[in-house]
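In what follows, a single structure is set out as structure tokens and then discussed.
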Amino acid sequence: AGFLIFNWPWGKVFLGDGGAYTTGHFLVWISALICWRNPDTSYAALSLLFFWPVADTFLAMWRRSRRSRKMMHPDYLHVHQFVMRAIQLRWKLPLAQANPATTLVLAPFFMTPVLSAVCLVSQASLAFMAWLLFAILFTASYQVGIKQVRRQGWRRSRKQADDFVQPTELAGVESNRMIKT
């Protein structure tokens, strides 16, 4: 929430991978220490705080294993990127507007597990059931989204995709043809 206040909609603070991993590492250890000092606190409930990044990571691993790709191979089918691309194509928004719009669209989805963690902080069995429910909903909504995009035919031709690429996305790229859609 602190970064959202300063970063939304134009993103003035950038952590990068190192900053994000360090912040995540500290948050997980703080959660473990909270559970260790307060035996009534549920590990399952506090793990709901990290539901979104964990679920997206496992979805990426599952998706890559199904396609026989290396686990460290990058792709553009993470939930945020997938929704942002759908918003760009559906409403013809430039990247600078589609990214903040994606945050608004996804906010209820990534905030619901966090709020559930707060409500179920001392109820381990309910928190575990919430984890399972969110995992099912996360996977199902992703699958429905993929099918919806394919059914709507939101894919563009090479020429349309090249015209749609923002100039800032071309930094260091010799030609538009090198960009894969």
Checklist entry - If you take all heavy atoms of Ala44 and Trp131, which pair is closest and at what distance? => result O-CD1, 3.6 Å
Checklist outcome for this item: Nearest heavy-atom approach of Gln88 to Pro94 is NE2-C, 4.1 Å
Next on the checklist: For Thr102, run the side-chain contact (heavy atoms from CB on, under 4.5 Å) check against Val79, Ile87, Leu93 and tell me which one passes.
Outcome noted: Ile87
Checklist outcome for this item: Between the CE atom in Met129 and the CD atom in Gln123, the distance rounded to the nearest 0.5 Å is 9.5 Å
Next on the checklist: Quick check against the 3.5 Å criterion: does Arg63 have a side-chain atom that pairs as donor or acceptor with the backbone of Leu77?
Outcome noted: yes
Checklist entry - So if you build clusters from Ile, Leu, Val, Met, Phe, Trp, Tyr with side-chain heavy-atom gaps below 4.5 Å, do Phe128 and Leu137 land together? => result no
Next on the checklist: Under a 3.5 Å distance rule, please check whether Thr22 uses its side chain to pair with a backbone N or O of Gly19 as donor and acceptor.
Outcome noted: no
Item to check | Reported CZ-to-CD distance for the pair Arg90 and Gln148, which is rounded to 0.5 angstrom | outcome: 8.0 Å
Checklist entry - Closest heavy-atom contact between Pro100 and Pro9? => result CG-O, 3.2 Å
Item to check | Residue pair Leu120 / Ser42: nearest heavy atoms and the distance that separates them | outcome: O-CB, 4.4 Å
Next on the checklist: Test of understanding: clusters of I, L, V, M, F, W, Y form through side-chain heavy atoms closer than 4.5 Å, transitively. Do Trp62 and Val144 belong to the same one?
Outcome noted: no
Checklist entry - At what distance, to the nearest 0.5 angstrom, does NE2 of His73 lie from CZ of Arg64? => result 7.5 Å
Checklist entry - Closest heavy-atom contact between Thr103 and Phe110? => result O-CE2, 4.2 Å
Checklist entry - If two hydrophobic side chains count as joined below 4.5 Å and joins carry through other members, does Val121 share a cluster with Val118? => result no
Item to check | Any side-chain heavy-atom pair of Phe26 and Thr23 under 4.5 Å | outcome: no
Next on the checklist: Quick one: does any side-chain atom of Thr112 pair with a main-chain N or O of Phe109 as donor and acceptor, under 3.5 Å?
Outcome noted: no
Next on the checklist: Working to the nearest 0.5 angstrom, can you tell me the gap between Tyr21 OH and Asp17 CG?
Outcome noted: 4.0 Å
Next on the checklist: Is the shortest side-chain heavy-atom distance between Phe50 and Ser31 below 4.5 Å?
Outcome noted: yes
Item to check | Leu33/Trp36 under side chain to side chain contact (heavy atoms under 4.5 Å, CB included): CA gap, chis, key distance, verdict | outcome: CA-CA 5 Å; Leu33 288 173; Trp36 182 61; 4.1 Å; yes
Checklist outcome for this item: d(Cys119 SG, Leu48 CG) to nearest 0.5 Å is 10.5 Å
Next on the checklist: Assess, by modelled atom type and distance only, whether the side chains of Asp56 and His80 contain a donor and an acceptor separated by less than 3.5 Å.
Outcome noted: no
Next on the checklist: Is there a continuous path of hydrophobic side-chain contacts, each under 4.5 Å between heavy atoms, that joins Phe138 to Leu106?
Outcome noted: yes
Next on the checklist: Angle between ring planes, Phe134 versus Phe51, binned at 30° and 60°: parallel, tilted or perpendicular?
Outcome noted: tilted
Checklist entry - Tyr43 and Leu133: same hydrophobic cluster, using ILVMFWY side-chain contacts below 4.5 Å? => result no
Checklist entry - Can you find a pair of side-chain heavy atoms, one from Met84 and one from Leu95, that are under 4.5 Å apart? => result yes
Item to check | Closest non-hydrogen atom pair, Met61 against Met71 | outcome: O-CE, 3.3 Å
Checklist entry - Can you tell me how far the CG atom of Leu46 sits from the CG atom of Leu27, to the nearest 0.5 Å? => result 11.0 Å
Checklist entry - Does any non-hydrogen side-chain atom of Pro113 lie less than 4.5 Å from one of Leu49? => result no
